[in-house]
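Fair warning: this is a prediction, and the values are worked out from it, not measured in the lab. All heavy atoms count here, side chains included; hydrogens, waters and symmetry mates do not.
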Amino acid sequence: MSAKEFTLDQLRATLLEGAGTDESVDLDGDILDTSFEDLGYESLAMLETVSRIEREHGISLDEEAVGEADTPRALIRLVNERLSATQTA
């Protein structure tokens, strides 16, 4: 994948900027397969996060696919698939 790859660190920063974090959650830990709900991010926080990702990267993500991306790993994969499709178009 190119230099435009979306990373876990970028997701962490976007989550913190858009919605903050619960003091009991360690975003620096191994969170790839932890559900956003378990990380303390409800649907409104995720809408803000996805909106920021779309604006910052100039992409549009399918709402249904976003709804199914319930872990950081799944959301990162979704964003990178869209970035890749945009780069090859």
### Task
Taking the side chain as every heavy atom from C-beta outward, state whether Glu68 and Leu78 have any atom pair closer than 4.5 Å.
no
### Query
Considering only heavy atoms from C-beta outward, does the side chain of Ile76 approach that of Leu8 to under 4.5 Å?
yes
### Query
With no hydrogens and no angle check, is any side-chain donor or acceptor of Asn80 less than 3.5 Å from a backbone partner on Phe6?
yes
#### Entry: Backbone N/O of Ser84 and side chain of Gln87: donor-acceptor pair under 3.5 Å
no
### Query
Can you name the closest pair of heavy atoms from Pro72 and Thr34 and give their distance?
CD-O, 3.0 Å
### Query
Counting only N and O atoms by type, is there a donor-acceptor contact under 3.5 Å from the side chain of Ser51 to the main-chain atoms of Leu47?
no
### Query
So do Glu17 and Thr49 actually touch side chain to side chain, heavy atoms under 4.5 Å?
no
#### Entry: Shortest non-hydrogen contact from Asp33 toward Arg73
OD1-NE, 2.7 Å
### Query
Considering only heavy atoms from C-beta outward, does the side chain of Leu75 approach that of Leu11 to under 4.5 Å?
yes
### Summary
Tightest non-hydrogen contact, residues Phe36 and Leu15, listed as CE2-CD1, 4.3 Å
### Task
Say whether, by atom type as modelled, one donor and one acceptor occur between the side chain of Arg82 and the main chain of Ile59 under 3.5 angstrom.
no
### Enclosure of Glu63 CD (heavy-atom neighbours >12, cutoff 6.0 Å)
no
### Task
Measure from the side-chain N and O atoms of Glu42 to the backbone N and O of Ala45, and report whether any donor-acceptor pair falls under 3.5 Å.
yes
### Query
Passes salt bridge (charged side-chain N to carboxylate O under 4.0 Å, His left out), Arg52 versus Glu48? Steps please.
CA-CA 6 Å; Arg52 285 174 177 266; Glu48 173 63 23; 2.7 Å; yes
### Message
If you compare all heavy atoms of Asp26 against all heavy atoms of Ile31, which two are closest, and at what distance to 0.1 Å?
### Response
O-CG2, 3.6 Å
